[in-house]
Amino acid sequence: MKINIIGAGMGGLSAALALHDAGHQVTVFEAVETIRPLGVGINLLPHAAVLLEPFGVVDDLLAHGVTTRELSYYNMHGQHIWSEPRGRFAGFEAPQISLGRGDLQMTLLRHAQSRLGEENIKSGYRLDAFRTEHGQAIATLKRTDGEIVEVSSDILVCADGIHSAARQQMYPDQGLPRYSGRVLWRGVTWAEPYLTGASMIMAGHQSQKFVCYPISPVRSDGKQLINWIAELEVSELLDREDWNRVGNRDDFYPEFKDWAFGWLDVPGLIEQAEGIYEFPLVDRDPVDTWTDGHVTLLGDAAHPMYPIGSNGATQAIIDALCLTRNIEAGGSVADILARYEGERLPATAAIVRANRQNGPEQCMQLAHERAPEGFDRLEDIFAEGELQDIADRYKQLTGLKKSA
């Protein structure tokens, strides 16, 4: 089967690897002329990592990043609320990997270029429109030099992000992404390891939160690269989401300047950051269908969600492998895409909605509501088993299940 993919992000490149490995003719079209590493840190969860292992990707990722050991939640006073082991430390077959977003994308790109051939990863082609005609998906693409070209395939997979041109054609009245009322400031800082040196932590509550995790091995000077996110309520929506939009430290630093917990120096991480980027917390409402004829959506084009629970890239990769599996199961293109959508659309819509309610981070919000000045004993504010139930419900929802 001939399959064209729009978008060389995590979802599009994972789909390219899986579909090529299954014996299909695959071409990827990316809008930018030169694909460069963008963004700061990202987490690849074990139920996505295990899907990438057959392509030799995971070992390369481990060389760049950190095998996450545990995830811990704290209140804004640095008091511990809940911890749980992650990845292989929790008994999963594959690790959770914390690394640079650019390292993940460029590793997937190198593997895709090697397997598909560099000539089949075409940059500088932006999707303008699509149609299904005579049993083929026809994509109209606009090159960066202005030339218009058309390409055909049995299936067109549109993994072109939250501002997807394909989704816009399917839903012309969808409007701008839905703004949460919160802004993320993101940065990376070389600092000495904290806690286990492989710890992901979240502190605060819904309106004032700090997240950080290491994304590189420890250097010879004893420091490692720490990715961090500071989040605050901000009433006014920024112009547009952009991984490279420069942020202003003064807009958020005063709210975190006293967050020196002993085990973590939050103000120090912010002060010593190599750069700061600003990003509004946005998503889109789930839609009724991702498919139009021989065209379907994947990843952020299909289900943009808040980056809660580290599910953005992971769910896109799961989409890619699910689509491949359904193509391999056979049937008409209509049947294939209906099965893919039937499996993935309800599952990801549930995650979008759960993330709007803070997903597993509910424990921090509850701690803040019940004990805003801190607590003497955790059992005074949480019932026995309540924290475990919060964690387990989200894992069940997102497919993060321990292997048998």
Side-chain angles (χ1 to χ4, degrees), residues 5-12 29-32 38-39 101 125-132 137 139-142 156-186 206-207 229 231-247 251 277-309 311-313 315-316 319 337 340-342 344-359 397:
I5 297 173
I6 306 297
M10 270 51 105
F29 296 90
E30 167 56 41
V32 301
L38 297 177
R101 185 183 184 277
Y125 290 83
R126 183 179 300 276
L127 180 68
D128 188 62
F130 69 81
R131 65 185 188 277
T132 299
T140 302
L141 305 171
K142 186 174 184 179
L156 177 66
V157 179
C158 296
D160 50 341
I162 191 170
H163 297 289
S164 166
R167 180 169 170 142
Q168 181 63 31
Q169 180 173 327
M170 293 181 189
Y171 298 96
D173 298 324
Q174 68 178 345
L176 294 171
R178 180 182 180 275
Y179 178 49
S180 66
R182 286 131 68 189
V183 170
L184 312 178
W185 288 269
R186 310 188 64 152
Q206 176 177 303
S207 302
I229 304 119
E231 180 177 331
L232 292 174
E233 284 190 347
V234 177
S235 59
E236 184 178 354
L237 174 63
L238 302 175
D239 293 336
R240 183 180 174 89
E241 308 78 59
D242 182 349
W243 288 113
N244 289 320
R245 183 188 178 101
V246 175
D251 289 341
Y277 303 94
E278 187 177 71
F279 200 84
L281 189 63
V282 296
D283 66 4
R284 289 191 185 276
D285 290 329
V287 292
D288 294 332
T289 182
W290 297 343
T291 301
D292 183 337
H294 285 217
V295 181
T296 197
L297 306 177
L298 184 148
D300 279 351
H303 47 74
M305 59 184 64
Y306 297 165
I308 288 174
N311 267 287
Q315 294 301 323
D319 288 349
L337 297 184
Y340 159 67
E341 181 180 293
R344 293 299 297 152
L345 193 156
T348 53
I351 298 171
V352 169
R353 296 187 182 102
N355 283 3
R356 289 177 178 177
Q357 303 300 317
N358 294 315
L397 182 71

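All values derive from a computational prediction rather than experimental measurement.
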Is any side-chain heavy atom of P304 closer than 4.5 Å to one of V282? no

Roughly how far apart are Q206 CD and L232 CG, rounded to 0.5 Å? 12.0 Å

So does K142 get a backbone contact from the side chain of D128, meaning a donor-acceptor N/O pair under 3.5 Å? no

Taking atom CZ as the centre, does R178 end up with more than 12 heavy-atom neighbours from other residues, nucleotides or ligands that are less than 6.0 angstrom away? yes

If only atom types and distance count, is the side chain of D319 paired as donor or acceptor with the main-chain N or O of G299 below 3.5 Å? yes

Minimum heavy-atom separation for A301 and C158, please, with both atom names. CB-O, 3.5 Å

Evaluate the side chain to side chain contact (heavy atoms under 4.5 Å, CB included) criterion for residues Q315 and I351: first the C-alpha distance (whole Å), next the side-chain angles of each, then the deciding distance (0.1 Å), finally the verdict. CA-CA 10 Å; Q315 294 301 323; I351 298 171; 3.5 Å; yes

Contact check, side chains of V287 and M170, non-hydrogen atoms, under 4.5 Å: no

Restricting to non-hydrogen atoms, name the atom on L297 and the atom on S164 that form the minimum distance, rounded to 0.1 Å. CD2-OG, 4.2 Å

State, to 0.1 Å, how close L345 and T289 come at their nearest heavy-atom pair, and which atoms those are. CD1-CA, 3.8 Å

Minimum heavy-atom distance between F29 and L141, given as atom pair plus value: CD2-CD1, 3.6 Å

Is the backbone N or O of L281 less than 3.5 Å from a side-chain atom of S180, with the two atoms forming a donor-acceptor pair by type? yes

OH/Y171 to CG/D292 distance, rounded to the nearest 0.5 angstrom? 9.0 Å

For D285, give me all partners under salt bridge (Lys or Arg N to Asp or Glu O under 4.0 Å), at least two apart in sequence or on another chain. R356

Could you go through the side chain to side chain contact (heavy atoms under 4.5 Å, CB included) check for F279 and I229 one step at a time? CA-CA 10 Å; F279 200 84; I229 304 119; over 6 Å; no

Would Y306 and L184 count as a side chain to side chain contact (heavy atoms under 4.5 Å, CB included) if you check the C-alpha gap in whole Å, the side-chain angles of each, and the deciding distance to 0.1 Å? CA-CA 11 Å; Y306 297 165; L184 312 178; over 6 Å; no

Just so I know, are the side chains of W185 and E278 near enough to count as touching, which here means a heavy-atom distance under 4.5 Å? yes

Using every non-hydrogen atom in the two residues, find where E341 and W290 come nearest and quote the distance to one decimal. OE1-N, 2.8 Å

Please identify each residue that fulfils side-chain contact (heavy atoms from CB on, under 4.5 Å) with A165, with sequence neighbours left out. L127, D160

G293 versus T132, closest heavy-atom pair with distance: CA-OG1, 3.5 Å

Donor-acceptor contact present, side-chain S207 to main-chain E233, <3.5 Å: no

Given 3.5 Å as the limit, does a donor-acceptor pair link the side chain of R284 with the main chain of A302, or not? no

In Å, rounded to the nearest 0.5 Å, how long is the span from CG of N355 to CG of D283? 8.5 Å

Do Q169 side-chain atoms and F130 backbone N/O form a donor-acceptor pair below 3.5 Å? yes

Could you walk me through whether Q168 and H163 pass side chain to side chain contact (heavy atoms under 4.5 Å, CB included), step by step? CA-CA 8 Å; Q168 181 63 31; H163 297 289; over 6 Å; no

Test salt bridge (Lys or Arg N to Asp or Glu O under 4.0 Å) applied to E231 - qualifying residues, sequence neighbours left out: R182, K209

